[in-house]
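Take a look at the structure below.
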Amino acid sequence: MKRFYAAIFTTLTFAGTVLANEPVATTPASKAASTSVNTTAAKAANTPAPAAASKWQKEDDRIIGHIRGNKLTAMKNTSASIMSLFQDSILNDGTVNPVWHGEYFPAVNGGPQVHFGVRCVFNDQDNSNTDNDLTVFANDLSPLLGHLAVNGNDYTTIKTAASVHGNTTFEFDLDNGLHVKAWLVTADSAALPYVPVTRKEYLDQARQELECLKDVVIADVRGKTHVRTDAEQEAEKQQMLEQLKATYSGAELEARTRVYLHNYMKDADYVIQTIARNVAGYNATIRVIDSILRNSTAQQLAQPAVVSVKADNFRGFEDGKANTTTLVRMNPAYFTGGNEQAP
């Protein structure tokens, strides 16, 4: 059975409440970035009443490093409020036995603020693990992020979001078979923690990288191939023709001479042929890039670059495909680093 994992990423302190079958409430400015959590079920008239929800068990919190007491208390209160929200309003199925704890991390390495999370495992009623998790990350997008090098630039990538019934959801598979569904909640949908990299920028950078890769291949071929003088090559050619005459005669001589002359190639031509063969893949990708640049409008080229492969494997943007990523830059204006940003 494929393991299911749900995560909610938030960059604000929850200020509202939600009811079952209603969207998660955020601040009034937030619309597009909020996500609905819905539960629907067709129940027959004789369906028995659901089991009473059990109290969620609390494990010891995990505190990494030093966090000032007032901030730690505020984060713990927020974590408790989040879990109470889920227990009372959304995840109140009495057939599961949830166990949760908070995780708290200080701001390090010049990071903008402290971040924390809540992890809950849904066990069966006999307390056996069902491998179904719910995790809330506050001020931490790292589970969604990755990196992709393009032309020597280390771009940040974020899992590509999909819109389902008006809700924006990150859904992807991990290498260990874990299937993840995640939602990003922000205070203002017009101000995200990241800025997408445009298709135009990616195509320009990818094309430059491919040209550089071609230059490396060309230099390698030229460096390893000795090109003799025309006189040396002509002398070798005549020597081979004389050897054929001394060995064969008649129709067989004509046939072997014809084959030799057909396959004969000067050193310079051999270098050109080898280079063309070795850079053919790069040239094919460059043609794809040039075609997109030539046939796209400015508006299309300004769209986010949805791509998850290296430049030499690029065959087109991956919009609409599963398990892909979007190139982004983290938005430095999103966090000011002030104390007021901590919960």
Side-chain angles (χ1 to χ4, degrees), residues 146-155 157 173 175 197-298 300-301 303 305-325 327:
H147 295 275
L148 182 66
V150 186
N151 195 33
N153 301 307
D154 186 20
Y155 284 100
T157 65
D173 296 316
D175 292 338
V197 173
T198 66
R199 290 182 171 188
K200 178 67 164 58
E201 178 178 342
Y202 170 79
L203 293 172
D204 288 342
Q205 292 296 320
R207 197 184 195 289
Q208 291 180 36
E209 177 179 332
L210 292 169
E211 291 291 354
C212 290
L213 291 173
K214 285 177 55 180
D215 290 341
V216 171
V217 170
I218 291 171
D220 182 66
V221 172
R222 293 191 183 281
K224 293 180 177 179
T225 306
H226 173 61
V227 179
R228 298 164 295 176
T229 65
D230 289 344
E232 289 175 323
Q233 294 177 70
E234 182 62 25
E236 181 187 69
K237 176 183 176 181
Q238 293 303 322
Q239 182 181 3
M240 179 59 68
L241 291 174
E242 290 298 326
Q243 183 177 343
L244 289 173
K245 291 179 181 178
T247 307
Y248 305 101
S249 62
E252 186 172 2
L253 173 61
E254 292 180 6
R256 290 183 177 273
T257 300
R258 185 165 56 251
V259 170
Y260 171 75
L261 294 176
H262 175 76
N263 293 327
Y264 177 77
M265 183 179 299
K266 290 185 176 181
D267 291 350
D269 295 332
Y270 172 79
V271 170
I272 293 173
Q273 184 186 74
T274 302
I275 290 174
R277 181 176 61 252
N278 292 354
V279 302
Y282 298 143
N283 284 334
T285 304
I286 289 174
R287 287 194 294 271
V288 171
I289 291 175
D290 289 344
S291 176
I292 296 174
L293 288 170
R294 184 173 57 252
N295 297 313
S296 299
T297 65
Q300 289 171 328
L301 292 175
Q303 293 177 0
V306 181
V307 61
S308 59
V309 297
K310 294 182 178 180
D312 54 340
N313 290 322
F314 178 74
R315 298 297 180 267
F317 292 107
E318 303 167 24
D319 299 72
K321 295 183 179 180
N323 297 314
T324 188
T325 58
L327 300 190

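We use all heavy atoms of the structure for the numbers below, so side chains are in, but hydrogens, waters and symmetry mates are not. What you see is a predicted model, and the numbers here were worked out from it, not measured in a lab.
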Got a sec: does the [atom1] of [X] have more than 12 other heavy atoms crowding it under 6.0 Å?
X      : atom1 : answer
Arg222 : CZ    : no
Lys214 : NZ    : yes
Gln243 : CD    : no

To the nearest 0.5 Å, what is the distance between [atom1] ([X]) and [atom2] ([Y])?
X      : Y      : atom1 : atom2 : answer
Asn153 : Glu201 : CG    : CD    : 7.5 Å
Ile286 : Leu203 : CD1   : CG    : 12.0 Å
Leu210 : Lys310 : CG    : NZ    : 12.5 Å
Gln300 : Thr297 : CD    : OG1   : 3.5 Å
Arg258 : Leu253 : CZ    : CG    : 10.0 Å

Residue list, side-chain hydrogen bond (donor to acceptor under 3.5 Å, both in side chains) with Ser308, at least two apart or on another chain: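 Applying side-chain hydrogen bond (donor to acceptor under 3.5 Å, both in side chains) to Ser308 gives Glu318.
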
Please report the shortest heavy-atom distance between [X] and [Y], naming the atom on each side.
X      : Y      : result
Val288 : Gly316 : CG1-N, 4.5 Å
Asp173 : Asn323 : N-OD1, 2.7 Å
Ala206 : Ile289 : CB-CD1, 3.9 Å

Quick one: does [X]'s side chain have a donor or acceptor within less than 3.5 Å of a partner on [Y]'s backbone?
X      : Y      : result
Thr157 : Leu327 : no
Thr274 : Tyr270 : yes
Glu232 : Thr229 : yes

Tyr202 and Phe314 aromatic centres sub-6.0 Å: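 Yes.
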
Side chains of [X] and [Y]: closer than 4.5 Å at any heavy-atom pair?
X      : Y      : answer
Ile275 : Val217 : no
Arg199 : Asp319 : yes
Arg315 : Thr285 : yes
Leu241 : Thr257 : yes
Gln205 : Tyr155 : yes
Glu209 : Val150 : yes
Asn151 : Asp204 : no
Asp220 : Asn278 : no

Decide yes or no on side chain to side chain contact (heavy atoms under 4.5 Å, CB included) for Val271 and Val227, but give the supporting numbers first. CA-CA 8 Å; Val271 170; Val227 179; 4.0 Å; yes

Which residue pairs pass the side chain to side chain donor-acceptor pair (under 3.5 Å) test when at least one of the two sits in residues 233-242, sequence neighbours left out?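 Qualifying pairs, neighbours excluded: Arg228-Glu236, Glu234-Gln238.
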
Going through the checks in order, is the side chain to side chain contact (heavy atoms under 4.5 Å, CB included) test met by Lys200 and Leu293? CA-CA 7 Å; Lys200 178 67 164 58; Leu293 288 170; 3.8 Å; yes

Mind checking whether Tyr260 and Tyr264 have parallel, tilted or perpendicular rings, split at 30° and 60°?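 Rings of Tyr260 and Tyr264: tilted, 30 to 60°.
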
So does Glu211 pair up with Arg207, basic N to acidic O under 4.0 Å?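 Salt bridge: yes.
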
